Protein chains: 2
Amino acid sequence: MPPKSTNSQKTPCQQCPLRGLAHFREFTPDELDFVSRFKTGELSVDAGATILVEGSHSAHLYTVLSGWAFRYKLLSDGRRQILNYAVPGDLVGLQGSIQGEMQHSIEALSPVTLCVFERDKLDQLFTRYPSLAYDLTWIAAQEERILDEHLLSIGRRTAIERAAYLLAFMFERGRASGLVSNRAVLPITQQHVADTLGLSIVHTNKTLRKLADRRLIRWQDRGCLVLDDEGLAAVAGWEGLPETRRPFI
Amino acid sequence: MPPKSTNSQKTPCQQCPLRGLAHFREFTPDELDFVSRFKTGELSVDAGATILVEGSHSAHLYTVLSGWAFRYKLLSDGRRQILNYAVPGDLVGLQGSIQGEMQHSIEALSPVTLCVFERDKLDQLFTRYPSLAYDLTWIAAQEERILDEHLLSIGRRTAIERAAYLLAFMFERGRASGLVSNRAVLPITQQHVADTLGLSIVHTNKTLRKLADRRLIRWQDRGCLVLDDEGLAAVAGWEGLPETRRPFI
DNA sequence: CGCGGATTTGAGCGACGTCAAGGAGCGTGG
DNA sequence: CCACGCTCCTTGACGTCGCTCAAATCCGCG
């Protein structure tokens with residue numbers, strides 16, 4: 001497990017690369033000012049690094065600035081369930097900040113940089129920036145919505161539907177957050193897919209092969225190239241994500 | 001599907017029966033005053049009634065005051081996934097209020113009464129009562145945590161582990177919110193269990209039988225009597241819910 | 001070149017699904 | 001009171017989806 005690395009302020013919020021994207025909402029100058037003071041540093045980790053561990057009490061919460069990460073839980077015998085993926089603009093570690101102890105772990109899927117916030121300043125945010133507090137609640141509600149969809153998928157979709165849903169979902173999120181250009185690859189292994197879908201790795205492999213045979217995806221360069229995201233969504237019977245502009249912090 | 005019924009203010013927040021329970025946090029007089037103005041009415045529905053429908057834009061959000069409800073989603077061919085259950089003190093409909101459109105439906109499992117709040121006043125809550133705004137975020141994060149656990153369960157636990165987890169979970173939540181005394185029954189059918197666990201009803205029946213043979217539960221009076229909640233938790237390998245005091249609104 | 005991780009494939013098996021039928025409990029109408 | 005028609009629970013037979021075991025291949029890296 002590669003270690004974490006640098007920890008120094010780099011990107012000023014005023015020049016945050018996410019602010020330009022149509023997908024995210026604007027800040028008022030006042031909010032931007034607060035957020036830039038709320039942010040106390042930046043953290044860069046390698047692919048495979050653990051960002052937060054279940055059971056820990058972190059003094060920080062983070063917004064993903066670049067790269068892919070994922071949240072997961074383990075059973076005592078090692079069975080792993082991946083809960084969701086995080087892309088730029090996503091907040092991670094809120095749970096630990098607001099409820100004391102992390103109930104899941106977070107790991108980097110690719111090299112990741114994160115904006116670091118101090119939980120102690122959350123009070124100020126709620127007290128003085130109700131619009132940002134509202135955003136925080138919005139973000140939590142959005143995560144909930146996505147977990148609902150995952151639950152529906154794992155509980156009631158067949159293996160091929162689940163796989164198609166997951167890849168369409170990741171492609172959409174990746175695209176909206178600027179991570180996935182048309183020819184970029186989702187940086188996951190088939191083991192990740194298996195642990196997200198609740199399937200064995202062998203069956204996952206056979207299921208992905210079917211999707212590849214239908215020319216919906218191609219597995220290459222240790223990742224998944226999505227050839228036809230609408231085709232995937234159709235296989236899954238999935239509507240896609242709502243196209244609202246997302247707040248972030 | 002039985003219709004909704006009464007809609008008139010009944011229980012003043014000052015006399016809210018939930019405030020006495022050790023499980024919930026206290027209000028300051030100021031907060032209590034605001035909440036009692038935030039609450040615009042009360043809604044009582046029969047068992048089986050639909051409280052909110054996927055796709056609707058509700059002008060309200062609700063706190064369960066008494067009874068059991070559940071959230072669910074459907075696939076286009078009718079497959080149903082139950083996402084979570086709501087007990088007294090739980091907020092439902094936040095998603096619709098904060099993001100426009102409900103992405104899931106909510107149905108009453110038993111007769112249910114709900115406190116009705118107007119989404120238009122949410123602004124005031126965030127602006128003038130940061131402590132309540134914080135609570136709202138706390139509640140959303142808590143729901144997230146529970147969905148994480150469900151996802152782990154459906155994705156990685158076996159049928160018998162899943163069933164044991166679900167029943168232990170519901171028992172704990174019911175007890176903490178004052179719904180389940182020691183000899184009370186969880187008001188669910190085996191179809192509900194199946195749709196929560198992602199199993200067929202036949203297999204659910206056979207799985208519940210195994211739990212009954214081990215004297216952990218008994219199925220009676222159209223519901224589930226939990227005989228040994230710790231035994232269930234042990235079968236599932238589940239730690240139980242954290243014992244924090246819960247905020248509610 | 002050797003090694004470890006990721007992917008691929010086949011064979012056999014077991015968990016869980018589907019189909020089918022029957023029984024128990026309860027409310028309604030005759 | 002009884003007949004009926006629900007809904008819910010139960011059980012058996014059998015099929016299949018997805019799991020485990022096992023082995024081979026590919027690849028990047030030291």
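By convention in this document, chain letters (A, B, ...) are assigned in the order of the sequence lines, proteins followed by strands, and residues within each chain are numbered from 1. Keep in mind the model is a prediction, meaning the values are calculated, not measured.
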Polar pairs (N or O, both sides) under 3.5 Å between protein and nucleotides 18-23 of chain D?
{"residue": "D:dG18", "atom": "OP1", "partner": "A:Ala159", "partner atom": "N", "Å": "3.3"}
{"residue": "D:dG18", "atom": "OP2", "partner": "A:His203", "partner atom": "NE2", "Å": "3.1"}
{"residue": "D:dG18", "atom": "O5'", "partner": "A:His203", "partner atom": "NE2", "Å": "3.4"}
{"residue": "D:dC19", "atom": "OP1", "partner": "A:Ser200", "partner atom": "N", "Å": "3.0"}
{"residue": "D:dC19", "atom": "OP2", "partner": "A:Ser200", "partner atom": "N", "Å": "3.1"}
{"residue": "D:dC19", "atom": "OP2", "partner": "A:Ser200", "partner atom": "OG", "Å": "2.8"}

Rounded interatomic separation in angstrom, taking CD from A:Gln190 and P from D:dC26: 16 Å
message: In whole Å, I'd like the distance from the NE2 atom of A:His192 to the C1' atom of C:dG5.
response: 12 Å
query: Any side-chain heavy-atom pair from A:Val87 and A:Val64 closer than 4.5 angstrom?
result: no
- request: Determine, step by step, whether B:Arg214 and B:Asp228 satisfy the salt bridge (Lys or Arg N to Asp or Glu O under 4.0 Å) criterion, reporting the C-alpha distance in whole Å, the side-chain angles of both residues, the deciding distance to 0.1 Å, and the verdict.
  value: CA-CA 10 Å; B:Arg214 298 196 200 177; B:Asp228 180 359; over 6 Å; no
task: Could you check how far CG of B:Leu208 sits from P of D:dC8, rounded to whole Å?
output: 15 Å
query: What is the distance from CD of B:Gln191 to C1' of C:dG17, rounded to the nearest Å?
result: 13 Å
message: Keeping A:Arg80 on the side-chain end and A:Leu74 on the backbone end, is there a donor-acceptor pair under 3.5 Å?
response: no
query: A:Glu161 has an atom CD; how far is it from atom C1' of D:dC17, in whole Å?
result: 13 Å
- request: Give the rounded distance in Å between these two atoms: CG of B:Asn205 and P of D:dC9.
  value: 8 Å
query: Nearest-Å distance, CG (B:Leu197) to C1' (C:dC16)?
result: 13 Å
query: Where along residues 213-224 of chain B does a heavy atom fall under 4.0 Å from DNA chain D?
result: B:Trp219, B:Arg222
message: Quick check against the 3.5 Å criterion: does A:Arg218 have a side-chain atom that pairs as donor or acceptor with the backbone of A:Val226?
response: no
query: Is it true that B:Arg79 and A:Glu161 make a salt bridge, defined as a side-chain N closer than 4.0 Å to a carboxylate O?
result: yes
field: Under-4.0 Å salt bridge between A:Arg71 and A:Glu54
entry: no
- request: Would you mind checking if B:Asp90 and B:Arg246 are paired as a salt bridge, meaning a charged N to carboxylate O distance below 4.0 Å?
  value: yes
task: Could you state the atom-to-atom distance from CG of B:Asp195 to C1' of C:dG17 in whole Å?
output: 14 Å
message: For A:Tyr85 together with A:His192, are the ring centres under 6.0 Å from each other?
response: no
query: Are B:Ser66 and B:Thr113 linked by a side-chain donor-acceptor pair shorter than 3.5 Å?
result: yes
